[in-house]
Q: 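This is the structure I want to talk about, given as structure tokens.
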Number of protein chains: 2
Amino acid sequence: MIRLSKKVEYGLIAIRHIATKPAGEIVTAKEIADTYGIPYELLSKVLQKLTKSGLIASHQGMRGGYALARPPVEIPVSLIISAIEGTRQAIVQCLSEGPQTCTVFTVCTIKSPLTKVQANIERAFSTMNLSEIV
Amino acid sequence: MIRLSKKVEYGLIAIRHIATKPAGEIVTAKEIADTYGIPYELLSKVLQKLTKSGLIASHQGMRGGYALARPPVEIPVSLIISAIEGTRQAIVQCLSEGPQTCTVFTVCTIKSPLTKVQANIERAFSTMNLSEIV
DNA sequence: TTAATATACGACCGATGTAGTCCACTTTCA
DNA sequence: TGAAAGTGGACTACATCGGTCGTATATTAA
Ligand code: SF4
Ligand code: SF4
């Protein structure tokens, strides 16, 4: 099916929440979890992935938390998704895990049109940046 | 993740295969399965769903099989997908299973932009019909 | 120095969905 | 009448998903 994972949704909600704060202000995972009723541990994982991919910056220790690592305009939604979903970010297997992973690749007659659809979707996500959803 | 199921891919390959034949010609599930190396039983299920939704017509008994039920131009890809995937055809839960199924719906801040993305994707699939992928 | 608060990370679990298989049944035609 | 075809349900193995738990580490306020 075509479905965003909850992790991605939580990530979008969280990073948007951070973006609504004055630039540089630090927000804790707990605050976000409480605000939206998101499981704290799960949200933490998501924020850690966003941190590792450089979209947000973490501050450890007491009075720590997260802040945006760049201006919202420079954070397209596509980057948020790919930061959270490791592989599997394409609508078909051959486009994300490689052609040889699909057993019917050589005779498949639909990969060409689906590649166009994929490009369409990618464009939709990469042209939308964080500043547009706050 | 955003991924088409194998059933949908098989359905697309199959219905496209049928569409390449002269109009009205009957194709068996076995022929399609053999041609593309798709598991026969699984393909049968998919073809049955396409039949129930009226996209293809089945002919039972010996020398039976499947043929298109309408001209290819009148079969948008979106219909093929929704015929095979029952529910879960939206990128987020609240758009396909209803708002109250998501625990954070009332405080969710991203449903509005994601609804736009959904509309974008739907348009991509509904404007593409079978005649364009043969 | 220490206690409190916060992130980092990996292991784990149950529920659900996916891909595929199996089998019994019905329909149709040669 | 029997072979060939679709119909339909149950079933399995596996992967993923959503979520939880425990522990380690970093930072800072007291
Ligand atoms: S080759 Fe065809 S069937 Fe295989 S993953 Fe790509 S689009 Fe799907
Ligand atoms: S309400 Fe928000 S979090 Fe819930 S399914 Fe819709 S978009 Fe996702």
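By convention in this document, chain letters (A, B, ...) are assigned in the order of the sequence lines, proteins followed by strands, and residues within each chain are numbered from 1.
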Q: Mind checking side chain to side chain contact (heavy atoms under 4.5 Å, CB included) for B:K7 and listing every partner two or more places apart, or none if nothing turns up?
A: B:S5, B:L42, B:V46, B:I84
Q: Which residues satisfy the side-chain hydrogen bond (donor to acceptor under 3.5 Å, both in side chains) test with A:S96, sequence neighbours excluded?
A: B:R3
Q: Under 4.0 Å from any atom of DNA chain C, heavy atoms only: list the residues of residues 7-15 of chain A that qualify, in numerical order.
A: none
Q: Is there a donor-acceptor pair closer than 3.5 Å between any side-chain N or O of A:E97 and the backbone N or O of A:C94?
A: no
Q: How would you list, by chain and number, every residue that makes a ring pair (Phe, Tyr, Trp, His ring centres under 6.0 Å) with A:Y36, sequence neighbours excluded?
A: A:H17
Q: Output all residues satisfying salt bridge (charged side-chain N to carboxylate O under 4.0 Å, His left out) with B:K6, sequence neighbours left out; order by chain, then residue number.
A: B:E9
Q: May I ask you to decide if A:S82's main-chain N or O and A:E85's side chain share a donor-acceptor pair within less than 3.5 Å?
A: no
Q: Which residues pass the side-chain hydrogen bond (donor to acceptor under 3.5 Å, both in side chains) test with A:T101, sequence neighbours left out?
A: A:Q93
Q: Contacts to DNA chain C from residues 31-45 of chain B, heavy-atom cutoff under 4.0 Å, which residues?
A: B:P39, B:E41, B:L42, B:K45
Q: How do B:Y66 and B:T103 order along DNA chain D: which one's closest nucleotide is nearer the 5' end?
A: B:Y66
Q: Once you round it to whole Å, what is the distance between C1' of D:dG6 and CG of B:L50?
A: 14 Å
Q: Quick one: side-chain hydrogen bond (donor to acceptor under 3.5 Å, both in side chains) partners of A:T127, sequence neighbours excluded?
A: none
Q: I'd like to check the side-chain hydrogen bond (donor to acceptor under 3.5 Å, both in side chains) partners of A:K30; sequence neighbours left out, ordered by chain and number.
A: A:D34
Q: Judged by atom type as modelled, is there a donor-acceptor pair below 3.5 Å linking the side chain of A:Q118 to the main-chain atoms of A:A90?
A: no
Q: With the threshold set at under 4.0 Å for non-hydrogen atoms, list the residues of residues 51-62 of chain A touching DNA chain D in residue-number order.
A: A:Q60, A:G61, A:M62
Q: What is the distance, rounded to the nearest whole Å, between atom CD of B:Q93 and atom C1' of D:dG18?
A: 11 Å
Q: Please say which of A:V77, A:I80, A:L79 ends up in a side chain to side chain contact (heavy atoms under 4.5 Å, CB included) with A:F125.
A: A:V77
Q: Roughly, in whole Å, what's the span from NZ in B:K6 to P in C:dG20?
A: 7 Å
Q: Using a 4.0 Å cut-off on heavy atoms, which residues in residues 21-30 of chain B reach DNA chain C? List them by number, or say none.
A: none
Q: Distance check needed: C:dC9 P versus A:L47 CG, whole Å only.
A: 13 Å
Q: Without decimals, in angstroms, what is the distance between B:I18 CD1 and D:dA5 P?
A: 15 Å
Q: Count the heavy atoms belonging to other residues, nucleotides or ligands that lie under 6.0 Å from CZ of A:R70, then report whether that count exceeds 12.
A: yes
Q: Rounded off to whole Å, could you give me the CZ-to-C1' distance for the B:R63 and D:dA4 pair?
A: 11 Å
Q: Taking only residues two or more places apart in sequence, or in another chain, which ones meet B:K21 in a salt bridge (charged side-chain N to carboxylate O under 4.0 Å, His left out)?
A: B:E31
Q: Take the protein atom CZ of B:R3 and the nucleotide atom P of D:dA15, then report the distance between them rounded to whole Å.
A: 15 Å
